[in-house]
Protein chains: 2
Amino acid sequence: MVVMPTKDQLLDCAEHFARTRGFDAFSYADLSKEIGIQKASIHYHFATKADLATALIERYAARFADDLTRISDRRGTAAEDLKAYLGLYKEALSQGSRICLCVSFSAARDSFDDKTLAHLNRFHRDSLAWLARVFDKAGADASIPGLIADPKDEAHSILSLVEGAQLISRAARSDAPYDHAVQPLLRRLS
Amino acid sequence: MVVMPTKDQLLDCAEHFARTRGFDAFSYADLSKEIGIQKASIHYHFATKADLATALIERYAARFADDLTRISDRRGTAAEDLKAYLGLYKEALSQGSRICLCVSFSAARDSFDDKTLAHLNRFHRDSLAWLARVFDKAGADASIPGLIADPKDEAHSILSLVEGAQLISRAARSDAPYDHAVQPLLRRLS
DNA sequence: GTCTATAGACTGATAGAC
DNA sequence: GTCTATCAGTCTATAGAC
């Protein structure tokens, strides 16, 4: 059992709440109860809730970027990259209905300041750029049949698909809608 | 100028807030300021905020079902039905970054009681059934090329696509992501 | 139906002791 | 770094007059 600094504990707990309930639906009091620390002490680590939001999305985006890099480093086909990408979103969902933090934050956009929104947009931009590179690769290795659209359009389509599928699955309290939604794409990849 | 009953005014205003800010991000005080009526008076029309949520989603689902019926009644090809469906979601987005009420409610799932969630799930079920029928029709009229997946899977895929694309577009404060995301599908339909 | 007034709980945030 | 104590503001909701 690793002893974890309070700040990391707070981030982990806040991320869990944000991904299962939404950012507006948990308070410092909730974190206080969960971690076993007084509300006032949390303000020492994150002076305002806006600071907490920024720290959350920054850490999440960095971690997600690492995941994508790890997939790219395998140097597989475009189809394999895309399958791994679909797996990332599925994995999050299976671990207790957790939606991507960015799906959660996008839904509550108006609750955040410009600094947090900048990180959110960067996450989307990075994901879209990564996906577009996958579709560029697909144009070369022909591992995804039936490609007729622009890589940029395909990237937007995939990102929308997985984020929408997560949202619907969570509403239904079941992984099934996600599995159905990615099925047509998976057929093309196998 | 039509004189509108207070109850309808409240529903319209609440729907606008829910679709632009989120259900948890507006209060009876906000409605009070906007409509020009006291907070306490709103409780006469909707005793609790949970009642307001139920009324909102019920009205929205009924209106949306009418929209879908209107599309079906045109008796066009499956491709034409699908194009009209994509147009419905685009239209909502263009009218001031309004996401589908059900995208908004799905994101804040834990804020709602079972009655409201039942309406939310019914909306998804009805949409999926309508879309599956469109893909059944496509199997007959061959208006959507390259169909290899199950109509049920295709339906989940389309619903996820449009709801995810709305979410990303709103986060980006631009219609562009939605337009990009539906482009690969539109190419198949033209 | 709408009003004034208010209850009671919760929110994020601060001051100051240890 | 964490604590106790407290703030001012907000929230949903209710009581009772008109």
Verify whether the ring centers belonging to A:Phe112 and A:Phe23 lie closer than 6.0 Å.
yes
Aromatic ring proximity B:Tyr28/B:Phe46, centre distance under 6.0 Å:
no
Protein-nucleotide distance ([X], atom [atom1]; [N], atom [atom2]), rounded to Å:
{"X": "A:Tyr28", "N": "C:dG12", "atom1": "OH", "atom2": "P", "value": "8 Å"}
{"X": "A:Asp24", "N": "D:dC11", "atom1": "CG", "atom2": "C1'", "value": "13 Å"}
{"X": "A:Phe17", "N": "C:dT11", "atom1": "CZ", "atom2": "P", "value": "11 Å"}
{"X": "A:Gln9", "N": "D:dG1", "atom1": "CD", "atom2": "C1'", "value": "14 Å"}
{"X": "B:Ile35", "N": "C:dG1", "atom1": "CD1", "atom2": "C1'", "value": "15 Å"}
{"X": "B:His43", "N": "D:dC11", "atom1": "NE2", "atom2": "P", "value": "11 Å"}
{"X": "A:Lys49", "N": "D:dT10", "atom1": "NZ", "atom2": "P", "value": "16 Å"}
{"X": "A:Asp51", "N": "C:dT14", "atom1": "CG", "atom2": "P", "value": "10 Å"}

Are OP1 or OP2 of [N] and a side-chain N or O of [X] less than 4.0 angstrom apart?
{"X": "B:Tyr44", "N": "C:dG1", "result": "yes"}
{"X": "A:Ser27", "N": "C:dC10", "result": "no"}
{"X": "B:His45", "N": "C:dT2", "result": "yes"}

Going by the rule side chain to side chain donor-acceptor pair (under 3.5 Å), which residues pair with B:Asp12 if we only count those two or more places apart in sequence or in a different chain?
B:Arg59
Pick out the pairs of N or O atoms, protein on one side and nucleotides 3-7 of chain C on the other, that lie under 3.5 Å.
unit_1, atom_1, unit_2, atom_2, d
C:dC3, OP2, B:Gln38, N, 2.7
C:dC3, OP2, B:Ser41, OG, 2.8

If you draw the axis of the six-membered ring of [Y], does the NZ or CZ of [X] fall within 45° of it and under 6.0 Å from the ring centre?
{"X": "A:Arg63", "Y": "A:Tyr60", "result": "no"}
{"X": "A:Lys152", "Y": "A:Phe135", "result": "no"}
{"X": "A:Lys49", "Y": "A:Phe26", "result": "yes"}

Which residue, B:Thr48 or A:Thr6, contacts DNA chain D at a nucleotide closer to its 5' end, judged by nearest heavy atom?
A:Thr6
Going by distance alone, is a donor N or O of one side chain under 3.5 Å from an acceptor N or O of the other, for A:Asp175 and A:Ser94?
yes
Remember a base hit wins even if backbone is also touched, and classify B:Phe46 as base, sugar-phosphate or nothing at under 4.0 Å, heavy atoms.
nothing
